[in-house]
K.L.:
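Here it is: the structure, laid out below.
Both counts, for ligands and for their atoms, begin at 1 and track the order of listing. Just so you know, these numbers come straight off a predicted model, no measurement behind them.
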Amino acid sequence: MGLDIGTFLTVYSLVLSGSLLSLNPSYSIGNHSDDVENLLDNVGGLLGSPQGLDGTHNTFEVDGSTTRGDAYDPDGNGYALNITYFKQLYDLQKDAESPDYTLDVIIDNALDRFDQAVAYNPYFYYGPFSGLVLRSGANFFAARLWVNCTAERPDGYIDKEMLKSFYGVTGPDDNLVANPGGERIPDNWYRRPDDYSVAGVAVDLVNMASKNPRILGIGGNVNGVNTYAGINPSDIVGGVLNGAGILEGNNLICFAFQTIKFASPNSLSSIYTTIAKPLSVLFDAIDKTVLSLNCPAFTDMQYGGTDLGKYLLATYPGAAKSGHAL
Ligand SMILES: *[C@@H]1O[C@H](CO)[C@@H](O)[C@H](O)[C@H]1NC(C)=O
Ligand SMILES: *[C@@H]1O[C@H](CO)[C@@H](O)[C@H](O)[C@H]1NC(C)=O
Ligand SMILES: *[C@@H]1O[C@H](CO)[C@@H](O)[C@H](O)[C@H]1NC(C)=O
C-alpha cells in the first residue's frame, strides 16, 4: 500500500474514531477498547470514549461490504464474515479454468453487493467519500494488494486458496467455513513490486464508474428497502464539472476527497467539544492528497440550496441514524 493511502487513512480514522486527542494516539480495529488511551477525556476534549473502527459507521465502516453485513440491516452484524457473501464472491471463479479474482471480478461483485444491500438494509447509505472512495477502495485492495506477484506474472493473481486464506475461510468448495481470527497472508506469497497509491485508486475508480455509472450516484434508501435515491456529483459542485467531466483525469477522486471538508464538521461536532484542532488535522491531510493529485478546488458544495453535509443527514435515514454523512 502506498504511503499516501496509509497516511491518509491513519489520520482520517484517528480523527473520526475520536482517538486523536490521546497523548499516544491509537485506535482499536474492532470494538471500543479500554487499552486505547483516553487521557484528555476529562479535560473536555472528547464528548465520549474513543470508539474503535466498529463505531465508525458511515465514516470509515460502510454498507455493502464484500463479506460483511450492514450495521443496520436485519442481522445487525457489520463485523463478522458472512459466509453467504463470501461464497457469492468465491463462486464467481469457482469453476473457472484458471481462477483469478481480477479487478473486473471484484467490481462485478461490488455492484451486486450494492444492489443486495439496497434490497436488504432499510438504512442503506452510500456516502460521497465513505461510499465512493473507501468502499470502492477496500474492494479494489483484494485485486490490487492481495495478488501473488512473480517474475512470470508481475501483475499478480489471486486464486481461490489465496482468497480463502486472506478471509480466514477453510474447507472444500461445497463446504466453506469461516474461522474468525484465522485470516492469514498465504505462505509463499509475494507482494506486488510497486505500491498501490491514491493515484492508482483514482484510475480504478474511474474504471468502475465507466463500467457502471450508477456507482456515481451517492445517496441511500429514503423510505425502507429498495427506495434508493442518488444524487449526481455534478449537481453538487454547481456546474464546475459537467456530466462527462467527472470521469476526466482525477476529477472524481478530487471531488470525493473534498466532500469531506463539507460533510465532516457535523460529524466532528458529535465527537469533540471543540472541533478546530481535529478539523485542521483532517483538512491538512486532505490538502496534501488534493495537492498531490493536482485537483481543482471546489469552494462550494451544496445540494438543493443547502450545505452538503446537512442535506445528506436530513435526507437519508441511514446517515441520520449514525450521525455521519461522510
Ligand atoms: C462493544 O462494546 C460495548 C461496551 O463497550 C458492548 O456493550 C458491546 O456488546 C460490544 N459489542 C460487540 C459486538 O462486542
Ligand atoms: C448473511 O447474509 C444473508 C443474506 O443477506 C442473511 O440472510 C443472513 O442472515 C446473514 N447471516 C448473518 C449471520 O448475519
Ligand atoms: C506464488 O507464485 C509462486 C511462483 O509461481 C508460487 O511458487 C507460489 O506457490 C505462489 N503462492 C501462492 C500462495 O499460491
Side-chain angles (χ1 to χ4, degrees), residues 1 30-31 53-55 57 61-103 105-106 108-126 131 135 138-139 141-194 196 220-221 224-228 318 321-322:
M1 178 182 289
N31 201 5
L53 292 187
D54 283 1
H57 187 57
E61 187 278 312
V62 296
D63 289 332
S65 303
T66 311
T67 58
R68 266 64 177 172
D70 294 350
Y72 307 141
D73 75 14
D75 302 303
N77 184 333
Y79 48 90
L81 183 138
N82 181 323
I83 200 75
T84 306
Y85 297 141
F86 176 81
K87 204 168 157 17
Q88 186 174 306
L89 169 62
Y90 185 83
D91 285 354
L92 292 177
Q93 290 292 292
K94 181 169 70 109
D95 300 318
E97 197 176 317
S98 174
D100 186 3
Y101 296 87
T102 61
L103 189 71
V105 173
I106 294 291
D108 285 346
N109 188 66
L111 296 170
D112 285 350
R113 287 286 302 118
F114 185 100
D115 292 338
Q116 249 173 340
V118 166
Y120 192 54
N121 172 10
Y123 295 98
F124 181 83
Y125 179 67
Y126 177 71
R135 176 182 185 272
N139 272 279
F141 286 170
R144 294 304 193 205
L145 295 181
W146 297 358
V147 286
N148 186 30
C149 294
T150 62
E152 307 84 64
R153 300 181 69 173
D155 292 336
Y157 66 99
I158 169 167
D159 63 17
K160 294 197 286 184
E161 286 311 311
M162 286 187 242
L163 190 77
K164 281 157 68 178
S165 178
F166 277 108
Y167 278 114
V169 170
T170 51
D173 285 2
D174 58 357
N175 191 22
L176 297 167
V177 180
N179 305 278
E183 299 83 1
R184 293 282 180 276
I185 295 174
D187 289 334
N188 280 319
W189 173 92
Y190 302 91
R191 57 154 287 171
R192 53 187 280 150
D194 58 344
Y196 185 52
N221 279 333
V225 298
N226 291 319
T227 60
Y228 193 86
K321 198 168 160 71
S322 67

K.L.:
Between N188 and ligand 3, does any nitrogen or oxygen pair lie at a separation below 3.5 Å?
P.N.:
yes
K.L.:
Starting from atom 4 (C) of ligand 3, what is the nearest protein heavy atom, named by residue and atom, and what distance separates them?
P.N.:
T150 CG2, 3.3 Å
K.L.:
Would you mind running through ligand 3 and noting each atom that sits below 4.0 Å from a heavy atom of Y157?
P.N.:
1 (C), 2 (O), 10 (C)
K.L.:
For D187, counting its heavy atoms only, list the atoms of ligand 3 lying under 4.0 Å from any of them.
P.N.:
13 (C)
K.L.:
Which residue holds the protein heavy atom closest to atom 5 (O) of ligand 3, what is that atom called, and what is the gap in Å?
P.N.:
E152 OE1, 3.6 Å
K.L.:
For atom 2 (O) of ligand 3, is the nearest protein heavy atom closer than 4.0 Å?
P.N.:
yes
K.L.:
Where's the contact between N82 and ligand 2, heavy-atom distance under 4.0 Å: side chain, backbone, both or neither?
P.N.:
side chain
K.L.:
Within a reach of under 6.0 Å around OH of Y101, are more than 12 heavy atoms found that belong to other residues, nucleotides or ligands?
P.N.:
yes
K.L.:
Report the residue from N148, T102, T150 that forms a side-chain hydrogen bond (donor to acceptor under 3.5 Å, both in side chains) with Y157.
P.N.:
N148
K.L.:
For P186, counting its heavy atoms only, list the atoms of ligand 3 lying under 4.0 Å from any of them.
P.N.:
13 (C)
K.L.:
If you measure from the Lys or Arg side-chain nitrogens to the Asp or Glu carboxylate oxygens, is any gap between D155 and R192 under 4.0 Å?
P.N.:
no
K.L.:
Do D100 and R153 have side chains that approach each other closer than 4.5 Å (heavy atoms only, starting at C-beta)?
P.N.:
yes
K.L.:
For atom 13 (C) of ligand 2, state whether the nearest protein heavy atom is under 4.0 Å away.
P.N.:
no
K.L.:
Would you confirm whether D54, through its side chain, and N31, through its main-chain N or O, come within 3.5 Å as a donor-acceptor pair?
P.N.:
yes
K.L.:
Short list, please: which atoms of ligand 2 are under 4.0 Å from a heavy atom of Y120?
P.N.:
5 (O), 6 (C), 7 (O), 9 (O)
K.L.:
Looking at N175 and P172, would you say the former's side chain and the latter's main chain have a donor-acceptor pair under 3.5 Å?
P.N.:
no
K.L.:
So is N148 polar-close to ligand 3, meaning N/O to N/O under 3.5 Å?
P.N.:
yes
K.L.:
Compute the ring centroids of Y120 and Y72, then answer whether they are less than 6.0 Å apart.
P.N.:
no
